[in-house]
2 protein chains.
Amino acid sequence: MAAQFRDQDQLLSKMATGNGHGEDSPYFDGWKAYDKDPYHPTKRPNGVIQMGLAENQLCFDLIQEWLMKNPEASICTPDGVENFNGRALFQDYHGLPEFREAIAKFMGKVRGGRVKFNPDRIVMSGGATGASETMAFCLAEPGDAFLVPTPYYAGYDRDLRWRTGVQLVHVVCESCNNFKITKSALEAAYENAKEDNIRVKGLLITNPSNPLGNILDRETLKGIVSFINEKNIHLVCDEIYAATVSTNQPNFISVSEVIEEDIECNRDLIHIIYSLSKDMGFPGFRVGIVYSYNDAVVNCARKMSSFGLVSTQTQHLIASMLSDDEFVDRFLAKSKERIETRRKVFIQGLARAGISCLDGNAGLFVWMDLRILLKDRSFEAEMELWKVIINEVKLNVSPGSSFHCLEPGWFRVCFANMDHNTMEVALSRIKTFMHQIKDQNREVKELAKKTCRQNSLKLSLSRRRVDDFLMSQISMSPHSPIPQSPLVPART
Amino acid sequence: MAAQFRDQDQLLSKMATGNGHGEDSPYFDGWKAYDKDPYHPTKRPNGVIQMGLAENQLCFDLIQEWLMKNPEASICTPDGVENFNGRALFQDYHGLPEFREAIAKFMGKVRGGRVKFNPDRIVMSGGATGASETMAFCLAEPGDAFLVPTPYYAGYDRDLRWRTGVQLVHVVCESCNNFKITKSALEAAYENAKEDNIRVKGLLITNPSNPLGNILDRETLKGIVSFINEKNIHLVCDEIYAATVSTNQPNFISVSEVIEEDIECNRDLIHIIYSLSKDMGFPGFRVGIVYSYNDAVVNCARKMSSFGLVSTQTQHLIASMLSDDEFVDRFLAKSKERIETRRKVFIQGLARAGISCLDGNAGLFVWMDLRILLKDRSFEAEMELWKVIINEVKLNVSPGSSFHCLEPGWFRVCFANMDHNTMEVALSRIKTFMHQIKDQNREVKELAKKTCRQNSLKLSLSRRRVDDFLMSQISMSPHSPIPQSPLVPART
């Protein structure tokens, strides 16, 4: 059997037999747990609620309304069918001109109309997934590295590394300053790579941040642009959550705005990744965009788009939809409003349950602080807690470790991929869970009083795993025998 | 300036600055010539006719008719819009179950219902382009090689080599036996690679062949399957033209049929590339398929499909369309019939002009034999003739050298990407061109008689380049001062 496996290993590539795709991660394991027992309000009310998926399901009514008013946008309606032949046949990797124009205009609108994008720099790719890989292929050799601030999107390990052989070098960001990307952290990562004889070819940032759900301020962005210019390395900005930023808090600032102001910046180093998966809620349509200020990169990425072109059926629909100014303006305003409302309600619900989150006004998720519930400050403890949440509380949230967060106890929780009622069920489960812990804490305190000098405690809570977990926390933390109260006020 | 270029070279990857994408080829240059001056019956009647594009435009009326009868197949119609949300959000790389089922059934029908395909082995990719690259990534390391019989599809140099670092080793096929893939040619290529210390990981064949327009007979296929089993290397069969084979000549035999009969075959070595770009005429929809009999390859290729998923809008449409048995049966019958009719008319037209083609009953093109028109048996002469055809005759055909044909003088000419009238215009241009050559030959003969012992001939034909070309042919071929008559009967 082992020999057979060895044969198979030789028969296929290392890529096919290895696990460089990065799917052996709790991020994806959680999805599998959800797939096995998905929540349904009537059919499976005790099923797992999917909070690991950063989907935007809040505005489909607006889309459907538009579709019914614009039958010519589909090549499969009597009004649009005469376009079928032309569209079905079109396979130029430049894309339909009207598609590129509509995307460029949309990208400008999403950034508040403060910058313009050139349709000739719009390059298609198979989702942001394909866009990330294209960037790595264009900018680096196998073995070269990109710096990436932690925590970062779990999929990057697949998208940027797997088939390109490129490495990711972590820029350590910490909770003490709200995971800010500091100059010193950037310098340290760069120097570490240099010491390891790794050539750094770029810095990859997500702004708005996934998983943090916040945005970079202008000063930080300026510092980043100056850092990459100083080192003569590329800056790849993943801005796929640009339209999810709340209106009534600090505005989203795109790198495209910063370089407009910074005449010193070498624009050949600046590249943006975009997509319609989050801002429009169309991940199934696979509309990924590379927008580069470097002509050679535009040229090469466009050739690469042969491997991940957007279906012309979809290009046609998107071109029609996004060139309708009135619709786009209304959609963007409504979408921001609805995401913001959902975010507020969700964060307030968590706060009532005694859970705080990182300050943020962007993304389709919050970065939830459960450090207080860990039996110790280890990733084993984080995984233990995560297993309780997924198996007992029945919520698929994503542990910080799957985003390479260097500090255990943080979890990304998505809130826009469900209806209001499902979110309420999720919040009520969280509340119950936290109350149980609170009760347990009280019980532990009382027991501790009673058996002050005894070492063995016996508890009889219903949830065995929570029990075990907390018991072990008590017995294994000599300096803090009683867990801290999780009732920390939330920052809302 | 040079220093600046060097900087840019270092700044980007070798992939971005090199020309490994293979687009610096007359195959693509011809497209550019067409783009500059495309033929239009009234607006640009002297423009270039595109005969370099293997498109299937013969059955769109059937598709449109079906679309009008099935409004629920679109998620943008009142009948289908309730599916919009679910489809727009769906991004599982397994694909919609109904899509995979419909594709598997369609693949079976295209192969005459003689074999069944398992929907669980259907893996999506960004067109056949993406499918080819996926195969290379799954099966080989950078530096490893695939054997490929010549002539082969020009795009393989990009699809299989560019981003994977895999090499293609030529298996030399020759016109003397109708470009048959012989055991000895396979062995020779394999041994050559071995001598050069290149590890051969597989053999890639296209069946039906692009550019030859013919199919492999059962014996050849069996020989190929036995060869790859003997060497323990993979067999990748590109069968994207499967439904273009004529009904009233030898049937298309898929590798899937051959391995059903060959119980000795190690199925882990067998993989099929498929697509709807040719058989349905939908290149814009980017429906590429990897069908592998190897579980590990299915598994890995599926993970890779993240980089080139088919838009769910398109998956939904295709699932509806291809699960309609009545429609599919009618479409396949009609499509074969129309392609066959077009092929016959075109080949007869060429024959009347004095041009023969390789025997074949498949594909959307013919492999045209113009060896007789070359001034010598060199690729320079082929390019010279090609330039005359594109610039003077105003037809974009593709020279054999762009398919790595090792024998100069062959050209691939596509016939299904235009209406009947355009094809007639193309044929009439070819006839005029051949008549001019014939007249010229006669004139040359008469002149030769008159000035039998003189070495300087002066001709005054209108087409200077044809003139120069033929003049040089005469003066440079001492053994054959008078070119052979091009009036060779065509094999139809």
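Numbered from 1 within each chain, the chains take letters A, B, ... in sequence-line order. Keep in mind that what you see is a predicted model, and the values were worked out from it rather than measured.
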Dump the intermediate steps for ring pair (Phe, Tyr, Trp, His ring centres under 6.0 Å) on B:Phe90 and A:Phe282, then the final yes or no. CA-CA 8 Å; B:Phe90 186 89; A:Phe282 298 162; over 10 Å; no
Chain B contact via A:Ile75 - side chain, backbone, both or neither, heavy atoms under 4.5 Å: both
Per-residue tally against chain A (heavy atom, under 4.5 Å) across B:Pro283, B:Gly130, B:Gly86 peaks at B:Pro283
Do you know which of B:Val81, B:Leu139, B:Leu53, B:Asn85 has the most heavy-atom pairs with chain A at a distance under 4.5 angstrom? B:Asn85
Given B:Arg286, which partner from the list A:Thr312, A:Val310, A:Leu309 fulfils the side-chain contact (heavy atoms from CB on, under 4.5 Å) test? A:Leu309
Largest heavy-atom contact set with chain A, pairs under 4.5 Å, which of B:Gly308, B:Cys138, B:Ala131: B:Cys138
Examine whether an atom of A:Glu82 lies under 4.5 Å from a heavy atom of chain B, and if so say whether it belongs to the side chain, the backbone or both; otherwise answer neither. backbone
With no hydrogens and no angle check, do the side chains of A:Asn232 and B:Gln10 hold a donor and an acceptor under 3.5 Å apart? no
Rounded at 0.5 Å granularity, tell me how far CD in B:Glu141 sits from NZ in A:Lys14. 4.5 Å
Side-chain donor-acceptor pair under 3.5 Å between A:Thr129 and B:Ser306, yes or no? no
Using a 4.5 angstrom heavy-atom cutoff, name the option from B:Arg87, B:Arg158, B:Met304 with the most pairs to chain A. B:Met304
Just wondering, do A:Gln57 and B:Leu89 contact through their side chains at under 4.5 Å, heavy atoms? yes
Kindly assign one of parallel, tilted or perpendicular to the pair B:Phe137 and A:Phe137, based on the angle between their ring planes and the thresholds 30° and 60°. parallel
Non-hydrogen side-chain atoms of A:Phe307 and B:Phe307 separated by less than 4.5 Å: no
So for A:Gln313, is it side chain, backbone, both, or neither that comes closer than 4.5 Å to the heavy atoms of chain B? both
Taken to the nearest 0.5 Å, the spacing of B:Cys76 SG from A:Met321 CE works out to 6.5 Å
Using heavy-atom distances under 4.5 Å, tell me whether A:Met68 contacts chain B through its side chain, its backbone, both, or neither. side chain
Once you round to the nearest 0.5 Å, how far does OG of A:Ser74 lie from CG of B:Leu317? 8.5 Å
Option that, when pairs with chain A are counted at under 4.5 Å, heavy atom only, ranks first among B:Gln91, B:Lys303, B:Met15, B:His21: B:Lys303
I'd like to verify something: which residue of B:Gly126, B:Ala88, B:Ala16 has the highest number of heavy-atom pairs under 4.5 Å with chain A? B:Ala88
With side chains defined as the heavy atoms from C-beta onward, is the minimum distance between A:Leu12 and B:Asn294 less than 4.5 Å? yes
Is A:Met280 close to chain B through its backbone or its side chain, or both, or neither, when contacts mean heavy atoms under 4.5 Å? neither
Heavy-atom closest pair, residues B:Lys201 and A:Leu11: NZ-O, 3.1 Å
Distance only, no hydrogens: is a donor on one side chain within 3.5 Å (strictly under) of an acceptor on the other, for A:Ser311 and B:Thr314? yes
Looking only at heavy atoms, which two atoms of B:Gln64 and A:Phe84 are closest? And how far apart? NE2-CB, 4.1 Å
Within-4.5 Å side-chain heavy-atom neighbours: A:Leu67 and B:Thr77: no
What part of B:Trp162 lies closer than 4.5 angstrom to a heavy atom of chain A: side chain, backbone, both or neither? side chain
So for A:Leu269, is it side chain, backbone, both, or neither that comes closer than 4.5 Å to the heavy atoms of chain B? side chain
Given a strict heavy-atom distance threshold of 4.5 Å, which part of A:Trp66 is in contact with chain B: side chain, backbone, both, or neither? neither
Go through the atoms of B:Ile233 and report whether side chain, backbone, both or neither lie under 4.5 Å from a heavy atom of chain A. neither
